[in-house]
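See below for the structure under consideration.
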Protein chains: 2
Amino acid sequence: MKKIEHVGCPFNYALGVFGDKWSLLILRDIVIYGKKTYTEFSDSRECIATNVLADRLAKLEENGLITKMKDPQNRRSYLYQPREKALDLIPVLIEMICWSAKYDEISGVPKEYLRRANEERTGLIKEIRDGFTNVV
Amino acid sequence: MKKIEHVGCPFNYALGVFGDKWSLLILRDIVIYGKKTYTEFSDSRECIATNVLADRLAKLEENGLITKMKDPQNRRSYLYQPREKALDLIPVLIEMICWSAKYDEISGVPKEYLRRANEERTGLIKEIRDGFTNVV
DNA sequence: TTTATAGCTTGTATTATGCAAGTTATGGTG
DNA sequence: CACCATAACTTGCATAATACAAGCTATAAA
């Protein structure tokens, strides 16, 4: 898609940053599933092409959603970590999960998760956030 | 993008239905801006290509998000209306707006809107919903 | 020392998008 | 009534993005 000129509509910015399917799946992997490495993203069931994965990770970093740091445990590996800007997407992700749970029988969202999303939203968001430390 | 096989992750279904930029912009136009006709969608500032617009409207209808009916006032025009399944995306759209408002200075979201989204969520959602009648 | 692995890059075929033009049915104007 | 305009598309083609396969480099493990 041609790059949308930025015209003061909040959706244009959001779509430019995470409106692409693969970007959102990577963010899901990081924020919801706690994945950290290139190989972990690459191994996801959706089978993202490796060139596209590299491209989207670079863009997410460029756009300030994630940081890339060397893994102190393994010098040939990198750790991709969410920044505040990515964690602030948790509410969007939760709402997407709730919507899918309603309209897709096989999405497999646990009822307890839905209950928390509805009745205990803040707590659920905090719990997900608390899974990450030293976030910039 | 290759069609993702449906593997029991809520994101796969959501992304298949509205994970494409143009689909989401059309939904925004319908749900948030109250647009109804092909020409109105076509006239949006993002300049969607007419063949892509036709394709996405057909898919949104196929997936049960919108209905297409003849305009009783004008026989050469059609009205595209949101169904329950589209209105249930309001929370997702609101969260996207809030996120953009935080990270995009020029998104131009009124402060009052943000206040309502945070403090009076249910009322805001209801108000948007109430803009549509006879929804299936 | 050899082999395996992480994290990529490159090349190419396929698919999707963007753009321009054309089509059909209806509506509005003189 | 004749003519032009408009709504809602469809079609054809150039361009861009994606998918797939292979290769590459540095590090780690056997």
Side-chain angles (χ1 to χ4, degrees), chain A residues 1-7 11-12 15-26 29-30 33-63 66-81, chain B residues 1-7 11-12 15-26 29-30 33-63 66-81:
Chain A
M1 187 169 110
K2 208 170 88 177
K3 207 164 190 173
I4 288 175
E5 201 198 341
H6 207 155
V7 279
F11 288 95
N12 291 330
L15 289 175
V17 173
F18 65 86
D20 155 77
K21 280 179 190 181
W22 291 124
S23 300
L24 200 76
L25 284 174
I26 292 168
D29 280 349
I30 294 176
Y33 296 152
K35 293 187 181 177
K36 292 178 177 61
T37 66
Y38 195 93
T39 308
E40 284 176 313
F41 304 134
S42 195
D43 286 348
S44 76
R45 288 175 302 182
E46 289 86 6
C47 300
I48 184 168
T50 177
N51 52 346
V52 175
L53 175 56
D55 177 74
R56 296 307 134 85
L57 284 171
K59 280 181 182 151
L60 287 172
E61 197 183 2
E62 229 175 81
N63 286 319
I66 61 175
T67 51
K68 178 185 180 179
M69 58 175 280
K70 294 199 171 177
D71 184 344
Q73 311 299 312
N74 184 338
R75 290 200 308 157
R76 72 184 152 165
S77 192
Y78 292 90
L79 299 178
Y80 291 93
Q81 298 187 298
Chain B
M1 187 169 109
K2 209 170 86 176
K3 207 164 192 176
I4 289 174
E5 200 198 341
H6 208 153
V7 278
F11 287 96
N12 291 331
L15 289 175
V17 172
F18 65 87
D20 155 77
K21 279 179 191 180
W22 292 123
S23 300
L24 200 77
L25 284 173
I26 293 169
D29 281 349
I30 294 177
Y33 295 153
K35 293 188 183 178
K36 293 177 178 60
T37 67
Y38 194 94
T39 308
E40 284 176 313
F41 303 135
S42 195
D43 286 348
S44 76
R45 288 175 302 185
E46 289 88 5
C47 299
I48 183 168
T50 177
N51 52 345
V52 175
L53 175 55
D55 177 73
R56 296 307 134 85
L57 284 171
K59 280 181 181 149
L60 287 172
E61 198 184 0
E62 228 175 81
N63 286 320
I66 61 176
T67 50
K68 179 185 181 179
M69 57 175 281
K70 295 199 170 177
D71 184 344
Q73 313 298 310
N74 184 338
R75 290 201 308 158
R76 72 184 153 166
S77 192
Y78 292 90
L79 300 177
Y80 291 92
Q81 299 186 298

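Residue numbers begin at 1 in each chain, while the letters A, B, ... track the order of the sequences. The structure presented is a predicted model; accordingly, all values stated were derived computationally and were not measured. Atoms considered below: every heavy atom in the structure, side chains included; atoms not considered: hydrogens, waters and symmetry mates.
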Which residues, if any, of residues 52-63 of chain A bring a heavy atom under 4.0 Å of DNA chain D? A:Val52, A:Arg56
Partner residues of A:Tyr80 under the ring-ring contact (aromatic ring centres under 6.0 Å, His included) criterion, sequence neighbours left out: A:Phe41
Here the distance between atom P of C:dG27 and atom OH of B:Tyr78, to the nearest Å, is 11 Å
From the options B:Leu79, B:Ile26, B:Leu60, select the one residue that forms a side-chain contact (heavy atoms from CB on, under 4.5 Å) with B:Ile66. B:Leu60
B:Ile48 CD1 to C:dA20 P, straight-line distance once rounded to whole Å: 16 Å
Can you name the side-chain hydrogen bond (donor to acceptor under 3.5 Å, both in side chains) partners of A:Asp29, sequence neighbours left out? none
Any pair counted as salt bridge (Lys or Arg N to Asp or Glu O under 4.0 Å), so long as it reaches residues 47-60 of chain A, sequence neighbours left out: A:Asp20-A:Arg56, A:Asp55-A:Lys59
Spell out protein contact along nucleotides 21-30 of chain D as letters: B when the base is contacted, S when just the sugar-phosphate is, - when no protein heavy atom is under 4.0 Å; keep the 5' to 3' order. BB----BS--
Starting at atom CD1 of A:Ile26, determine the distance to atom P of C:dC8, rounded to an integer number of angstrom. 11 Å
Once side-chain hydrogen bond (donor to acceptor under 3.5 Å, both in side chains) is applied, do any residues pair with B:Ser77, and if so which ones, sequence neighbours excluded? none
Just how far, in rounded Å, is C1' of D:dT6 from CG of B:Asp43? 12 Å
A:Ala58: what forms a side-chain contact (heavy atoms from CB on, under 4.5 Å) with it, not counting sequence neighbours? none
Partner set under side-chain contact (heavy atoms from CB on, under 4.5 Å) for A:Thr67, not counting sequence neighbours: A:Gln81, A:Arg83
List for me each residue that meets side-chain hydrogen bond (donor to acceptor under 3.5 Å, both in side chains) alongside A:Thr50, sequence neighbours excluded, and say none if there are none. A:Tyr38
A:Trp22 CH2 to D:dA17 P: how many Å, rounded? 17 Å
Who are the side-chain hydrogen bond (donor to acceptor under 3.5 Å, both in side chains) partners of A:Glu40, not counting sequence neighbours? A:Thr37
4.5 Å side-chain heavy-atom contact, A:Trp22 and A:Glu46: yes
The correct set of residues in residues 33-41 of chain A placing a heavy atom under 4.0 Å from DNA chain D is none
Round to the nearest Å and state the distance from A:Asp20 atom CG to C:dA16 atom P. 15 Å
Taken in chain and number order and not counting sequence neighbours, the residues that satisfy ring-ring contact (aromatic ring centres under 6.0 Å, His included) with A:Phe11 are none
How many whole angstroms separate atom CD of B:Glu46 from atom P of C:dT17? 16 Å
If only side-chain N and O atoms of A:Tyr80 are considered, is one of them under 4.0 Å from the OP1 or OP2 phosphate oxygen of C:dC8? yes
Reckon B:Lys68 touches a base, only the sugar-phosphate, or nothing at all at heavy-atom distances under 4.0 Å? sugar-phosphate
